[in-house]
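Report on one structure; see the data block that follows.
Only heavy atoms go into these numbers, but all of them, side chains included; no hydrogens, no water, no symmetry mates. Reminder, nothing fancy here: chain letters follow the sequence lines and each chain counts from 1.
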Amino acid sequence: MAVVTLERISKRYPGGDELAVDDVTFTVSDGEFMVLLGPSGCGKSTTLRMVAGLEAVSSGTLAIDGVVMNNVPAKDRDIAMVFQSYALYPHMTAKDNMAFGLKRRRMPTAERERRVAEVAEMLDLTPYLGRKPHALSGGQRQRVALGRAIVRDPKVFLFDEPLSNLDAALRVSTRNELIKLHQRLGATMIYVTHDQVEAMTMGTRICIMNKGRLVQVGPPLEVYRDPADTFVARFLGNPPMNLLEAAMLDGPAVHVGESTMPLPPRINPSRLPRAGGRITFGIRPEDLYEHPPADITGRTAPLPVRVTSVEPLGAETLLLVVPDSTEQEIVARVDRNSTARPGDRVVLGLDTSAAHLFDSDSGVTLDRH
Amino acid sequence: MTAITATSENGVRTSAFARLREALRGDDALTTAWGAVIVFVTPALLTYAAFTAYPVIRTFWNSVHIIRPGGRTEFVGLDHYVELFSNDDIFFRAVSNTLTWAGVAPLIDVGVGLLLALCLYAKVPFARVFRVAWFTPVLISYVVVAILWMWIYNYDWGVANMLLRSVGLQEWQQTWIGHPDTALWSLIFAHAWKWAGFNMVVCLAAIHALPREVLEAAELDNCGWFQKLIFIIVPMIRPTLVNLLILAFIGKMRVFDLVWIMTGGGPMWSTETVSTYVYKRAFEWNTFDLGYPSTVAAIWFIVVLCCVLGLTWLFRQRDRLEY
Amino acid sequence: MRQTRSWIAAAALAGATLTGAAVPAQAERELTLWSHWADHETKVAFVEKAARELESRHADVTVKITWYQKNPLYAALQSALRAGQGPDIFYLDPDRTEYIDNGLLLALDDLVNWANVFGWARSAWQHDGKTWGFPLEASTVEWYYNRGLLAQLGYEVGPPHFQLSQADFRALVEKATSEGITPIVQGVGDRPYPGAYVTHELLLKKLGKDDYGKLLSGGLSFKDPRVLEVFGYVEDLVKAGAYPKSFSTLKLGESHYYFHTKPGGVVFPIGSWYTSRAFNPPDKGGQPDDFPLGMMNGPAMDDGACNACKTNNVAGSFVVNAATAHPELAGEFLNILATPEYGNLWLSTVLVQTGIKADTSKITGPYSDYFKTLEAVNENAEYFFGTPLQFFKGKCRETFEQVMNTGFPAGLVDAGTATDMMNDGCFTG
Amino acid sequence: MRDILSARFLARTGLLAILALYTFYSAGPFLWIASMSLRTTSEISANAYALPETLHWEKYIEAWTGSNYGAYFWNSTIVVVSAVLALTIIGAMAAHCLARYRFPGNRVVLFVIFSTLIFPPQITIISLFQSLVEYQLYDTLLGLTLVYIAIQLPLTVYILEGFFARIPQDLYDAAKVDGYSHWEIFWKITMPVGMPAIATTVILNFINLWNEFLYAVVLITDESNRTLPLGVQKFMGDQLEDIGMISTGLMIAIVPVIVVYAFFSEKLIQGMTAGAVK
């Protein structure tokens, strides 16, 4: 049972003017896999390190299971952390590395040995226990680092981009192992990454941060579907959401390029700008169709474009297109059988029900939540 | 803008006092790291204060006094400085000798070292033996080097004159360290004997650390070894060479042992260096005054400071121009 | 925990300082003596004998003697005395008057039985009406020569003056050079004075005692015509190749070997303590058993005011540290030396003159002939007391060491420059 | 083709000849002194360059027993070993602190310590002498040891700080999470992980201090406190230039260094060159 609560947490480094973490509030429920996602420098690692007790909290309240942890040293918080560089003690064997945290906590030798052996078995590390880190492969080191955290049986696991030093294939398989591990241990985990695929696949919830502030928290698909602002819209999804400059029309419509789009259904009309005002129109690439399927034809609006580039990916094809009367290049994810060629003029179908509107200045969504 | 607003909203204190307190807390989150800092640096700082900082300050204090044994100290203001600049030919001789040495020797040391390193890099046979033979002098103490080279320079049976005789150049025989024209150069030569191996090893390490691709690319560009040396290797290990030059320069500014044992600064002050002069005036002259030699030391302190700042500035400037 | 550690560190540092400060408690009296002559076995034996005698008189006294070479001894003394850690008794040459000026020495007038010391020797240590040193060793500047080589070159010297004329001596130098023989053996590799012997002895003969004394004390210019004449004469000798090629690096010990063994030379002007090295077995650096040693006086200068003049000086002496804890013991030690028995012992073993009253006629053994020659050569001598180093201080001394001892005799500066530099450093008149 | 080969061969031979010549120059003096160390002075004065006819090994015993070499070796060992030990600990503590803790003045402290690296010893030698006299440490091995610590401290801190700063911060965070105290982090992480750099400074300090002369000359006077370089200098007697025996004495001083070199050549070169290669 471990609930981590951050309430109005801020962090200022000595001598720095900007806040590294600015008024962040969220709660990680028991057994939840919370992913902190954001570009580098967004404050997610700092937040994690504050939870770990490696950085002082400048203001706000950090609690684990309701106990305020602000001034509790790292070693007394009953957390375990896996580092990006693994941070294995280079002068100790894999076994000693795993056992060391237990030794520090004065666990009896027999019990310690048993736990280490058990975890090593679980992670397929048994043959390598006698080796020092430099004699292990990257994946093995990663597993030792993981094992070092698991043997401790902590209340909370903290991961700081633990997969970023692995090659692509290993990253995928380790990702799956981590998911299984989470299911098996049922422990509370906080996981920092800048990789949206990891976030989407692993997280029970995702917590997206930008420039030190928390932007949006929610289950992966919800965040994907309803981004809180243009930052989230572009950060999640590959290729990212297309954002087009648009103008508000008098009626309940916006003008994009030469097309007039009806307002999406979820919109909060009270926050719309007045007619003639600027607005940002967002549409994901998969919501642009070369040949709209029958079930959504009623919701589509035509968008005449010029094709500038075609990228066949096998399972699908990406069209890079420029809508008429605009100079913005956008991406459409279309059927793999598309015959479009660069220079072609086509009319794409745009699923108006999937479109988003954002405030042009602040980037905040105009959707109703 | 937003940050500041947010700060006040969040009630984070931004007063100078709060900043200071935050700073004192260090990056260790939860305990006051200041205690650890003090424990860790105090021994070093105490040693530094007692045996480096205090003596430096005291040197300046000394330099405006006459200091005789038995605590008989007399304040003389800037008299020593006036005397030094108006009436001390030996000091200027010593400065000029030292600067000559410090100016010339680094080029010899580093140049020879670089050439030797290139020879070894060219993968000659017996490279290991060569390296050992060339590096060994580095490890030998100056006292031994000095005695050894006094014998090598011996007029009657030293190696230098013996070699000249054996190739029929009797008239070139010299009292190498006994004549003002040759003494300083003979010492520089002996000094270079000791240090060339050091520079060789450092250059070799630097060359080995160069990315192989660049040298291969140069080969594809049809560079001969000489062009490769001039256009590729030397520019690429330039930081190392600069380091070595500065290191050698500093080393020559402090040279004492070799001179002291081999010539004692003679003949006719031709090998007098600032170190030997300070030592002589403090511990050999029959004046028993520690004040004047401290003045020499104080002036030299300033000279060295200027030289090093100048060198640093010079090389930094070049770097900026290049990149 | 952390506090404890910093406390321990502080304590360790303090402890380190304290152990350094702690002076070992002494139950017994120890008399310390630092002396030159580490290599001079006969002198070492002489001093050790006196030390053992003092120890045998007092059960609680030990005498701890440290033997040095001269230069390291002076370096050690300068720093140790300043540090207040000097020995009770130490070796000093009488030219080191700065020790007196700085109050580092104890006046010996009431401590030593001066009745057994020659007055001229005592006077070498008398300043401000007090006597500061015990004149153990005395010496005259002698011109030793190789009788065989001199005869081979067609010259001889004999009574009453044992002296060549100025012109003959120059001719001797030129002849020796032409035959590939080094005329005057001298080396200044490790001593600040031997190179100046010839010039200064000749200056003394030319000027006479009074004017020479003025010259040394800054009262007479080096541009005096008589001085210039002597400098010119010596410059001619130098140009004629009087000195060995290796002059400037040849050490004192090496120059002995050069003179009597290899490659050999005609004349070797040096203090009469020549014997303390030369009368050792050949494998200890002594002269060969059959070496034809002769003694002459320096050449008579034309119009010389005092051609019988030569330098006599007190050399190695013992002084007492002003800060000594055992002045009475130190006095007793010196008084053991100040007896005719010890004077004779010194003469017959060390074979150098001494300030202690003794009787050379009592010397017997293999070197009695040497003392007879020494007496004959000095029979008509008039002595000037003191070497240039005893007069020159500070920059003047430094100039003397570099110019008179090295630069001028090595031919590095001419007579005009040399006298200019000497005036610059020494002339006050 | 043949011509090219032979030209290359010639160039190669020429290069080798030059190298052999240089080797003769750099190693020749050692061989000369080694051969003289086994000959008597009278043999040497007959011919300074002949090879020893009979090997006078007994001269080594004579040189050792006839001088105070045993004491000099012992003094040098005490002073150098304790100075190097203290340097390693004090220097590593300071370097660890400067590399790991952010505190106001951190860079200032590092700069101040480092800047003394460039200053020649003659600047402080006089006042250091005065200070040691006042601290009652003049002419004591303890005093010399403390001075040795002080003169090598800047270089030690400089090298170690550079290395320690490159140890990943994660390792320290992991240690903190594992519950290490400040002192344990230093002792159990920094020291073992920093071992290569520490070995480097140990070797460097050892060689430098073993050969140190100037401070020893000024700060030591008593025969019983002399270190090896002073002892070697003392071998230069002035009664007689006993070249044969001096050679033997010099060899006794050289041989240990050569032996150490033979065993630790790689590490040693690494140590001597530390900090010079960027």
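With a threshold of 4.5 angstrom between heavy atoms, B:A50 approaches chain D through its backbone and through its side chain. If you measure heavy-atom distances from B:L305 to chain D, the contacts under 4.5 Å come from both the backbone and the side chain. Contact of B:F283 with chain D is made through the side chain alone, with heavy-atom distances under 4.5 Å. In this structure, the portion of B:L45 lying under 4.5 Å from any heavy atom of chain D is its side chain and not its backbone. Interface remark: B:Y54 contributes side-chain atoms only to the contact with chain D (heavy atom separation under 4.5 Å). For chain D, the nearby part of B:Y279 is the side chain; its heavy atoms alone come within less than 4.5 Å. Using a 4.5 Å cut-off between heavy atoms, B:W61 makes no contact with chain D at all. Using a 4.5 Å cut-off between heavy atoms, B:I261 contacts chain D through its side chain alone, with no backbone atom that close. For B:V132, the parts sitting under 4.5 Å from any heavy atom of chain D are the backbone and the side chain alike. In this structure, chain D has a heavy atom under 4.5 Å from the side chain of B:N62, while its backbone stays farther away. For B:I237, no part lies under 4.5 angstrom from a heavy atom of chain D.
Checked against the 6.0 Å centroid threshold, B:F60 and B:F301 count as a close aromatic pair. Proximity of the aromatic rings of B:F135 and B:F198 is defined here by a centroid distance below 6.0 angstrom, and this criterion is not met. For an aromatic pair to be called close, the ring centres must be under 6.0 Å apart, and D:Y25 with B:F189 satisfies this. Ring centroid separation for the pair D:Y101 and D:H182 comes in under the 6.0 Å cut-off.
Counting only residues at least two apart or in different chains, side chain to side chain donor-acceptor pair (under 3.5 Å) contacts with residues 128-138 of chain B comprise B:R131-D:E266, B:W134-D:T23.
Top candidate by heavy-atom pairs under 4.5 Å with chain D, chosen from B:V278, B:N199, B:D257, B:V41, is B:D257.
By the side-chain contact (heavy atoms from CB on, under 4.5 Å) test, B:V159 pairs with B:I152, B:M162, B:L163, D:W32, D:Y49, sequence neighbours left out.
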